[in-house]
Amino acid sequence: MAAGCVLPLLAVVPARAEEPPVWDDPPGRGREPFVREHEPPVRGEEQPERFKELPVHVRELLERQRDLPIRQQDLSDRGRDLPDRGRDLSDRERELPDRGREPRVRGEDSPVRDAEDDEDEVLHEEPAEEEVVHDEPVREEKTVTILRPGDRGEMVRQLQRRLHRDGFYFGKINGKYNEQTRYAVWGFQKSRRMRPSNAVGPKVWKEFDRRRRARPLVPKGPADRVEISLTDQLLTLYRKNRPVLTSHVSTGAEVHYCEAGRCGDAVTPVGDFHVYKRAPGWTKSPLGMMYDSLYFIGGIAMHGSKLVPTRPSSHGCIRMPVPTAARLYKLVGIGEPVYVRGKI
């Protein structure tokens, strides 16, 4: 019985020794590597008999081990490409400041931009210098606005300021080309030997930039005086021999008239006179309304009127725009010399 029990055991021992080992973990982790005979065959070659005898899960593990160097090689190749891609990104960041944008820093929130902002940026982008080619010199043409009665805006305000600076306009700087502005334009044009016109065009604007040459009617007269030109239909007030006020006026029509039971000749006398009477505000005369009147002979005075045409049309007085008459009234007192010259 003892021998019978021993022999089967001796027969089983060699069988266990020949069984192939079962690897639960990959080689190189605390175990000895496979011997050469257990290595997987090269892809595409016929599998040897010893390899076929291994369990299925061991063969799969060996195949994974075989493919591992190939995958590591792929990863290393991809790693070599990363520096090139990094250089590409840095080049793009260097280009961003040239396009008017700062490079974006990792971790920061990008600013919110609207589609309208992008469009404005493109519209305002200036071309490079090498792209601008001028075959001929560029000539800048300045457009001058032509103003007419009824116009409004900043250009009219500029016109009124210039007329006021030169002593032709004393109304409100309201940007309205009204009747008072038109009277001032006429006075300015006549002082520069221009024909009175309602339109203010390039010639008028150029005259504002030219220095006015004084042409006094009485060169040797007093430093402070009033001169009235019947020929030019202009009144000029001098202070220290310098013109400080110039007004478009309408003098006597030099016709015979009969109005309101009175008859006479509408004539403005020529000569040397002095202011002898002042009448402030609106006053009513037998021949009409007068504003801030300055009498220099008889019933003939310098006064403001609502109607100051380009032609002589008064009964003998010197009509002028109401705001200008108010300014003249403040500057001229009793005894002021008045000189009337010329003819119509």
Chemist: Once rounded to the nearest 0.5 Å, what's the spacing between atom NE2 of His248 and atom CZ of Phe188?
Modeler: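 If I round to the nearest 0.5 Å, the distance is 15.5 Å.
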
Chemist: Could you check if a side-chain atom of Cys317 sits within less than 4.5 angstrom of a side-chain atom of His303, using non-hydrogen atoms only?
Modeler: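 Yes, at least one pair of side-chain atoms sits under 4.5 Å.
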
Chemist: Report yes or no: do Leu234 and Tyr238 belong to one cluster of Ile/Leu/Val/Met/Phe/Trp/Tyr joined by side chain heavy-atom distances under 4.5 Å?
Modeler: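 Shared cluster, no.
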
Chemist: Please tabulate, one pair per line, all N/O donor-acceptor pairs under 3.5 Å involving side-chain atoms of residues 163-176, not counting sequence neighbours.
Modeler:
| residue | atom | partner | partner atom | Å |
| --- | --- | --- | --- | --- |
| His164 | ND1 | Tyr169 | O | 2.9 |
| Tyr169 | OH | Lys172 | N | 3.3 |
| Tyr169 | OH | Lys172 | O | 2.6 |
| Asn174 | OD1 | Gln160 | NE2 | 3.1 |
| Asn174 | OD1 | Lys176 | N | 3.1 |

Chemist: How many angstroms lie between atom OG1 of Thr231 and atom CD1 of Ile344, to the nearest 0.5 angstrom?
Modeler: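 Rounded to the nearest 0.5 Å, the OG1-CD1 separation comes to 9.5 Å.
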
Chemist: Judged by atom type as modelled, is there a donor-acceptor pair below 3.5 Å linking the side chain of Thr268 to the main-chain atoms of Thr251?
Modeler: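 No, Thr268 side chain to Thr251 backbone: no donor-acceptor pair under 3.5 Å.
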
Chemist: Before giving the answer on side chain to side chain contact (heavy atoms under 4.5 Å, CB included), spell out for Tyr329 and Leu294 the whole-Å C-alpha distance, their side-chain angles and the decisive distance to 0.1 Å.
Modeler: CA-CA 7 Å; Tyr329 192 85; Leu294 297 170; 3.6 Å; yes

Chemist: For Asn198 and Trp186, what are the C-alpha separation, side-chain angles and deciding distance, and is it a side chain to side chain contact (heavy atoms under 4.5 Å, CB included)?
Modeler: CA-CA 8 Å; Asn198 294 333; Trp186 289 351; 3.2 Å; yes

Chemist: Decide side chain to side chain contact (heavy atoms under 4.5 Å, CB included) for Asp232 and Arg193; before the verdict, give the C-alpha distance in whole Å, the side-chain angles of both, and the deciding distance to 0.1 Å.
Modeler: CA-CA 9 Å; Asp232 297 331; Arg193 295 290 192 267; 3.5 Å; yes

Chemist: Do Val267 and Leu230 sit in the same hydrophobic cluster, where Ile, Leu, Val, Met, Phe, Trp and Tyr count as joined when their side-chain heavy atoms come under 4.5 Å apart?
Modeler: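 Cluster IDs for Val267 and Leu230 differ.
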
Chemist: Donor-acceptor pair, Asp292 side chain versus Pro280 backbone, under 3.5 Å?
Modeler: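 Not a single qualifying donor-acceptor pair exists.
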
Chemist: Can you tell me how far apart CZ (Arg262) and OH (Tyr257) are? Round to the nearest 0.5 Å.
Modeler: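 One finds 7.5 Å between CZ of Arg262 and OH of Tyr257.
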
Chemist: So, Arg215 and Glu227, do they make that salt bridge, N to O below 4.0 Å?
Modeler: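 No, no charged N to carboxylate O under 4.0 Å.
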
Chemist: Are Met320 and Phe296 co-members of a hydrophobic cluster defined by side-chain heavy atoms under 4.5 Å apart?
Modeler: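 Same cluster.
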
Chemist: Quick one: does His256's side chain have a donor or acceptor within less than 3.5 Å of a partner on Gly264's backbone?
Modeler: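 Looks like yes, one N/O pair under 3.5 Å.
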
Chemist: Quick one: does Arg278's side chain have a donor or acceptor within less than 3.5 Å of a partner on Val332's backbone?
Modeler: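 Yes, because the side chain of Arg278 sits within donor-acceptor range (under 3.5 Å) of the backbone of Val332.
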
Chemist: Taking ILVMFWY side chains as joined if any heavy atoms are under 4.5 angstrom apart, and letting links pass through other members, which residues group with Leu307?
Modeler: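 Under the 4.5 Å side-chain rule, Leu307 groups with nothing.
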
Chemist: So which residues get pulled into Trp282's cluster when ILVMFWY side chains under 4.5 Å apart are joined, directly or through others?
Modeler: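 Answer for Trp282: Met289, Tyr291, Val322.
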
Chemist: Are Met290 and Ile318 connected into the same hydrophobic cluster when the rule is that any two of I, L, V, M, F, W, Y join if their side-chain heavy atoms are below 4.5 Å apart?
Modeler: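 No; Met290 is not reachable from Ile318 via cluster members.
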
Chemist: To the nearest 0.5 Å, what is the distance between CG on Asn178 and CZ on Arg152?
Modeler: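 It is 9.0 Å, given to the nearest 0.5 Å.
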
Chemist: Taking only residues two or more places apart in sequence, or in another chain, which ones meet Leu147 in a side chain to side chain contact (heavy atoms under 4.5 Å, CB included)?
Modeler: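 So Leu147 forms a side chain to side chain contact (heavy atoms under 4.5 Å, CB included) with Thr145, Asp151, Met155, Val156, Leu159, Tyr177, Val200, Trp205.
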
Chemist: Rounded to the nearest 0.5 Å, how far apart are OG1 of Thr236 and CG of Leu245?
Modeler: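 Between Thr236 OG1 and Leu245 CG, I get 8.0 Å after rounding to 0.5 Å.
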
Chemist: Can you establish whether the number of heavy atoms outside Arg327 located under 6.0 Å from its atom CZ is more than 12?
Modeler: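 Incorrect, the count does not exceed 12.
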
Chemist: Ignoring hydrogens and geometry beyond distance, is a side-chain donor-acceptor pair present between Ser197 and Gln189 at under 3.5 Å?
Modeler: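 Absent: no donor and acceptor within the cut-off.
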
Chemist: If you group Ile, Leu, Val, Met, Phe, Trp and Tyr by side-chain heavy-atom gaps below 4.5 Å, do Val338 and Val270 land in one group?
Modeler: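 Yes, because Val338 and Val270 connect within a single hydrophobic cluster, where side-chain heavy atoms sit under 4.5 Å apart.
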
Chemist: Where the side chain of Tyr183 meets the backbone of Val308, is there a donor-acceptor pair that is under 3.5 Å apart?
Modeler: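 Yes, because the side chain of Tyr183 sits within donor-acceptor range (under 3.5 Å) of the backbone of Val308.
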
Chemist: Among pairs that include at least one residue of residues 305-323, which meet side-chain hydrogen bond (donor to acceptor under 3.5 Å, both in side chains), considering only residues two or more places apart or in two chains?
Modeler: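 As it turns out, the side-chain hydrogen bond (donor to acceptor under 3.5 Å, both in side chains) pairs with a partner in residues 305-323, which skip direct neighbours, are Ser250-Ser313, Glu259-His315.
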
Chemist: Indicate the atoms forming the closest heavy-atom contact of Ile300 with Pro269, along with that distance.
Modeler: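 Heavy atoms only, the tightest pair is CD1-CD, 3.4 Å.
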
Chemist: Which pairs with one or both residues in residues 331-344 pass side-chain hydrogen bond (donor to acceptor under 3.5 Å, both in side chains), sequence neighbours excluded?
Modeler: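 For residues 331-344, and leaving out neighbouring residues, the side-chain hydrogen bond (donor to acceptor under 3.5 Å, both in side chains) pairs sorted by first residue read Arg239-Glu336, Asp272-Arg341.
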
